[in-house]
Number of protein chains: 2
Amino acid sequence: MQDNITKLFKAIADPTRRDIFHALVIATSALSITQISNQFEMTRQGVTKHIKILNDAGLVQMNEQGRNRFCYADPKPLQEVNKWMQFYSQFWDDSLDKLGGYLDSKNG
Amino acid sequence: MQDNITKLFKAIADPTRRDIFHALVIATSALSITQISNQFEMTRQGVTKHIKILNDAGLVQMNEQGRNRFCYADPKPLQEVNKWMQFYSQFWDDSLDKLGGYLDSKNG
DNA sequence: TTAATAAGCAACTAAAAGGTTGCTTAATTT
DNA sequence: AAATTAAGCAACCTTTTAGTTGCTTATTAA
């Protein structure tokens, strides 16, 4: 359906998903779906859907144990986002003079 | 309605908008709406909507001249995204050993 | 001064997103 | 074995998103 980088951007474009992802990143152990749900004012099914999207983007991995599905964050795919941004970063990394001149040329 | 970082992420989450933004970044001069539209298989109104979203996110600036609205990219807001990612980058910047141990502790 | 061009606005449509409720299944406790 | 708990699945609803068509307005060119 959609390419990886789009999946990735869409995954982190939702504030709730950023919150879930963050909660998993700072967690000291993997958390079950229910444990995650308890931290949010949303039904477990709602959280499950978000987790699925994060998982499809590679940002959350699972670990099934009996009736539990322990989730943990995997920030590595964010490197792709970093890579995407690297090209554009040259335009803010450049000296302000150069950027100023560039913008002036477009404005004037 | 929604916070800046969310607007920013949503703006770049759409592939067409990333394409428009990229076209403006690499353009040697500011481009009118019509000039941009000609590069995409989409109506001018469709492009206008995308431009509006990019503009709301601060990624595209305008420059009205008569009946033309010349648009140019402003990548600076992407620094916010960069900042957001910096926190998570520690988890992929760390030595593989440390990351491995962290994951093992969650898996095991 | 009539043509043509650039773009805005509004209404509409189709599909996707974000979320819910209700029910089922499978694994654990008691 | 019965009750509880964790989670999946499907259907549904509402809002947002991505895009269209049609029309108007304002600027510029012939």
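Just so we're on the same page: letters track the sequence lines, and every chain starts at 1. These figures come from a predicted structure and were not determined experimentally.
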For the residue pair A/F21 and B/Y88, categorise the inter-ring angle as parallel (less than 30°), tilted (30 to 60°) or perpendicular (more than 60°). tilted
Protein-nucleotide distance (A/D14, atom CG; D/dT17, atom P), rounded to Å: 11 Å
Rounded off to whole Å, could you give me the CD-to-P distance for the A/Q35 and D/dA6 pair? 9 Å
Expressed in angstrom and rounded to an integer, what is the separation of A/R17 atom CZ from C/dA16 atom C1'? 12 Å
Please pick, from D/dA18, C/dG18, C/dT21, the nucleotide with the shortest atom-to-atom distance to any side-chain atom of A/Q45. C/dT21
Using a 4.0 Å heavy-atom cut-off across all strands, classify B/G66 as base, sugar-phosphate, or nothing. sugar-phosphate
On the nucleotide D/dA7, are OP1 or OP2 found under 4.0 Å from the side-chain N or O atoms that A/T34 carries? yes
Rounding to an integer number of Å, can you tell me how far B/N55 CG sits from C/dA7 C1'? 15 Å
At under 4.0 Å, does any side-chain N or O of A/S32 touch on OP1 or OP2 of D/dA6? no
Spacing between A/F40 atom CZ and C/dT20 atom C1', to the nearest angstrom: 18 Å
For the side chain of A/R67 and the base of C/dT28, is some donor closer than 3.5 Å to an acceptor across the two? no
Of the nucleotides C/dA7, D/dT20, C/dG18, which has the atom closest to the B/M42 side chain? D/dT20
Compare side-chain N and O positions of B/H50 against OP1 and OP2 of D/dG19 and report whether any pair is under 4.0 Å apart. yes
Atom CD1 of A/I53 and atom P of C/dA16 are separated, to the nearest Å, by 13 Å
Closest to the A/Q2 side chain: C/dA6, C/dA17, C/dG19? C/dA17
Would C/dA3 be called syn or anti here, given the cut-off of 90° from 0? syn
Taking the side chain from A/D14 and the backbone from A/T16, do they hold a donor-acceptor pair closer than 3.5 Å? yes
Between A/T43 and C/dT21, is there a contact of a side-chain N or O with OP1 or OP2 at under 4.0 Å? no
Whole angstrom is fine here: how far is it from NZ in A/K49 over to P in D/dT15? 16 Å
Reading DNA chain D from 5' onward, which residue's closest nucleotide shows up sooner: A/R44 or A/K10? A/R44
Calculate the interatomic distance between A/I51 atom CD1 and C/dG18 atom P; express it in whole Å. 14 Å
